[in-house]
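What follows is a short report on a single structure.
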Amino acid sequence: MNSALPTELLPLVIAWAGITTLILLTLLWRLWRLRQRILELAGRDSRGLSIREALNQLQVLVATRQSLLEQTHRTRDEMLIAARHAEHFKRRQWAAQELFARLDEGVVMASHDGKVFEVNLALERILQKPGHLLRDRSLREILAPEDEDFFANLCANITRRRHWEGRLILHRADRSSFPAFLRLLSLLDEQGKPQFLLGVIQDLSPVEQTHAQLHQLTHHDPLTGLQNRVSFLDEVDALLNASDERHWALIILGLDRFTMVSDTLGPNLAGRILTLIAQRLKAQVTPHERLAYLGGYEFGWLMPLPVDASCTDTPLKRAQSLLEVIRQPLELKEPRYSLKLTASLGIATYPRDGRRADELLQAAHLALVHVQQKGGDHVLLHDKSMSAQAMRRFQIEQGLRYALERRQIECALHPLVMAQSGQLSGFETLMRWRHEEDRYISPNEFIPVAEETGLIIPLTQWLLDQACQHLTSWRNRSGQPLFLSLNISPRQLLDPKLPEALIGTLQKYRLDPTALMLEITESGLVGGIDLIRERIFQLAMRGFLIAVDDFGTGHSTLSLLNELPIDKLKIDQSFIRDRIPQDAEAVKIVEAMLALAKGLQLAVVVEGVETAEQAQFIRQRLPTALLQGFLFGAPQPLHAWDGLLLEGKLPSYDWNKEKGGIAPQR
């Protein structure tokens, strides 16, 4: 701090110096007079009476000097104390002015009759008005220009209690309103009489915006902007409790196979797709319905049911309309993709399927899972039997993980036989799950679960590894180009590592890509994303043979078959088994498919051949076709084929000798 004397104290110091100088001069003058008196008395009589008188006067003079010095010191101390008080007061005044100017809250000072005489910069900023438009105005013009009753009540509280605080609505210069919090005090003078009013005003707009943002984050999903799961369930419970007599339907919409889209395109692009789907669904919501994003790839939809309507017809119709919304093509610009998504919808109704939100959600989700297990793109009402099915699916999933670790999955091969010669040409590789209790779990049970959970990728890799190991030995012994046929799910096609994984396994056993035919279901070629088709082209360019499995059961078109690098068509067994040759309609369909394949120069595999008549039927119409079915025996494990093929000769089949199942002829 600067030690220089403040300018305000300079007059006091000068006065003190003058007084001190005057006292000293007076003292010197009196001493001089005393000396002169002593000299005058020195010549008088020797009795010394005049000397005593002089000494008395000297003592009086010394006492006076001492008194004057003490008074001077007291005056100096009082002046220093006054100087310190003045400096302290000045600093407090400066601090008060700085605080008044820099407060974030607005401050208004008014006389006790309500006339404003001072405002700070913060109030000017809050009200968006300059100070000269606020000073000399009535306090009411600032606080309640249009509410006389409110201001009268405020004044009454000030008179009675000397303070008031509360929330109010203020207006800015542009006539916009905003919430504020006011603290108004009545300050008294030394006699206890009202002197002036002091008001502190806080703008609550930022606080309420923060609260709104917190509410949004707490109750809504940041990606889609829709109500989140927790908030949705709370609202559903509130609506159910408030209307016991009314029926409600809770619908869960789950996007089919969207995990594949997310794994392939990445989370960012998948998030954009979910946002677009959310916008579509939001456009369908009526004022009495509720829509929420439940997480993952699922949306929740709550709708009231009319009292005079069926509890099942209304939600089913509503769900069907939502299916159509999801089915509309979705075009992405960057990167450029055309998506055709589908959805599964599960429905639960109140009070039939539950009286609480969590009960309805669980029931609707069971129906959703049931639809997805059957392929999706459908709507289903909850049924009590679904709980048992859900438990079974859970057991399958857990058991499948355990089976993969314990090598309980087995590889079985089903022969592919040439129609013209009856000679073995290749095998379809199949999975078999032998449970610990020495019983087999049907592939129809565990394959859909494996595809949905992603376990199909390691399972298929293990299956191919086992089959290729044996195929190499059989090829070397026989000298014939036997091949394997392997089913590839749409989820695997979306895996960017698929081509390299297949090539790596084949190279491990010194096999070329033509030793492997990849079967792709017909439904996997339509309704998917363009990346699936790109992956098919990648595989074909690497030398793999591509076959369309279950041909005739999906929605393939001639343009699709002509566009993709397809090598073979596998005619589904549903057209052959128990229908050929006695079913005239089936005969026409099969003949048309064989003619189509011949016209497109595509090889054909016919499934479901169980009788010699069926084999002859196919051979007469397309001798180059490959046949597959129980006519040539059931699928056999690898070691069973070792006994036939390690001798170096391929077996041939003769179905002219007998009907029904036949054994291979060596």
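- Within a 6.0 Å radius of CD in Glu359, other residues, nucleotides and ligands contribute more than 12 heavy atoms.
- Considering all non-hydrogen atoms of both residues, Ile396 and Glu445 come closest at CG2-O, 4.1 Å.
- Thr460 places no side-chain N or O within 3.5 Å of a backbone atom of Ile457 that could act as its donor or acceptor partner.
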Before giving the answer on side-chain contact (heavy atoms from CB on, under 4.5 Å), spell out for Met431 and Phe446 the whole-Å C-alpha distance, their side-chain angles and the decisive distance to 0.1 Å. CA-CA 10 Å; Met431 290 186 198; Phe446 72 84; 4.0 Å; yes
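- In this structure, Gln614 contributes its side chain and Ile580 its backbone to a donor-acceptor pair below 3.5 Å.
- The heavy-atom pair separating Pro415 from Leu424 by the smallest distance is CB-CD1, 3.5 Å.
- Salt-bridge annotation for Asp495 and Arg535: absent, with no side-chain N of the basic residue lying under 4.0 Å from a carboxylate O of the acidic one.
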Can Thr342 and Arg257 be said to form a side-chain contact (heavy atoms from CB on, under 4.5 Å), step by step? CA-CA 8 Å; Thr342 61; Arg257 295 175 291 277; 3.9 Å; yes
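- Two residues are said to be in side-chain contact when any heavy atoms from C-beta on lie closer than 4.5 Å; Leu368 and Glu298 meet this criterion.
- Looking at heavy atoms from C-beta onward, Glu428 lies in side-chain contact with Gln628 at the 4.5 angstrom threshold.
- In this structure the side chain of His370 never reaches within 4.5 angstrom of the side chain of Leu366, judged on heavy atoms.
- With contacts defined as side-chain heavy-atom distances shorter than 4.5 Å, the pair Leu627/Leu416 does not qualify.
- Atom CG of residue Leu360 and atom CD1 of residue Ile251 lie 12.0 Å apart, to the nearest 0.5 angstrom.
- Aromatic ring orientation, Phe427 versus Trp474: tilted (interplanar angle from 30° to 60°).
- Looking at Glu500 and Lys497, no side-chain N of the basic residue comes within less than 4.0 Å of a carboxylate O on the acidic one, giving no salt bridge.
- Looking only at distances, a side-chain donor or acceptor of Arg280 sits under 3.5 Å from a matching main-chain atom of Val325.
- A cation-pi arrangement is present between Arg621 and Phe617 under the rule of less than 6.0 angstrom and at most 45 degrees off the ring axis.
- Between Leu493 and Leu539, the closest side-chain pair of non-hydrogen atoms falls below 4.5 Å.
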Can you list the steps and then say if Leu486 with Leu516 is a side-chain contact (heavy atoms from CB on, under 4.5 Å)? CA-CA 7 Å; Leu486 182 70; Leu516 186 61; 3.9 Å; yes
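- Side-chain atoms of His414 come within 3.5 Å of backbone N or O of Gly633 as a donor-acceptor pair.
- With Gln328 contributing its side chain and Glu324 its backbone, the two residues share a donor-acceptor pair below 3.5 Å.
- In this structure the side chain of Leu455 reaches within 4.5 angstrom of the side chain of Arg401, judged on heavy atoms.
- A salt bridge does not link Lys340 to Glu331: none of the charged nitrogens lies less than 4.0 Å from a carboxylate oxygen.
- A cation-pi arrangement is absent between Lys570 and Phe575 under the rule of less than 6.0 angstrom and at most 45 degrees off the ring axis.
- Atom CG in Leu413 sits 9.5 Å away from atom CD in Gln636 (nearest 0.5 Å).
- Of the possible polar contacts, one joining the Gln492 side chain to the Ser489 backbone as a donor-acceptor pair under 3.5 Å is found.
- Atom CD of Gln573 and atom CG of Asp578 lie 10.0 Å apart (nearest 0.5 Å).
- Of the residues listed (Arg434, Arg432, Gln466), the one engaging Glu410 in a side-chain hydrogen bond (donor to acceptor under 3.5 Å, both in side chains) is Arg434, and it is the only one.
- When atom types are taken as modelled, the side chain of Asp256 and the backbone of Asp377 share a donor-acceptor pair closer than 3.5 angstrom.
- Residues Phe544 and Asp567 come closest through the heavy atom pair O-OD2, 3.9 Å.
- Contact of the Ser485 side chain with the Thr429 side chain is not registered, since no non-hydrogen atoms from C-beta on lie closer than 4.5 Å.
- Asn476 and Ser473 form no side-chain donor-acceptor contact under 3.5 Å, judged by distance and modelled atom types alone.
- When all heavy atoms of Phe299 and Ala278 are compared, the pair lying nearest together is CE2-CB, 4.0 Å.
- The backbone N or O of Gly296 lies less than 3.5 Å from a partner atom in the side chain of Tyr293, making a donor-acceptor pair.
- Across all their heavy atoms, Ala450 and Leu459 have their closest contact at CB-CD1, 3.9 Å.
- Under a 3.5 Å cut-off, the side chain of Thr472 and the backbone N or O of Cys468 do form a donor-acceptor pair.
- With sequence neighbours excluded, the residues that form a side chain to side chain donor-acceptor pair (under 3.5 Å) with Tyr509 are Asp465.
- Annotation: the span from Thr505 atom OG1 to Leu464 atom CG amounts to 5.0 Å, rounded to 0.5 Å.
- Taking 4.5 Å as the limit, every side-chain heavy atom of Leu381 sits out of range of all side-chain heavy atoms of Asp353.
- Within 6.0 Å of atom CZ in Arg510, 12 or fewer heavy atoms from other residues, nucleotides or ligands are found, so the atom counts as exposed in its surroundings.
- The two residues Pro651 and Leu645 come nearest to each other via the heavy atoms CD-CD2, 3.6 Å.
- To the nearest 0.5 Å, atom CD1 of residue Ile520 and atom CZ of residue Arg533 are 12.0 Å apart.
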Would you sort out whether Val379 and Ile347 count as a side-chain contact (heavy atoms from CB on, under 4.5 Å), showing the intermediate values? CA-CA 8 Å; Val379 179; Ile347 305 174; 3.5 Å; yes
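- For the atom pair OG1 (Thr259) and OH (Tyr297), the distance works out to 4.5 Å, reported to the nearest 0.5 Å.
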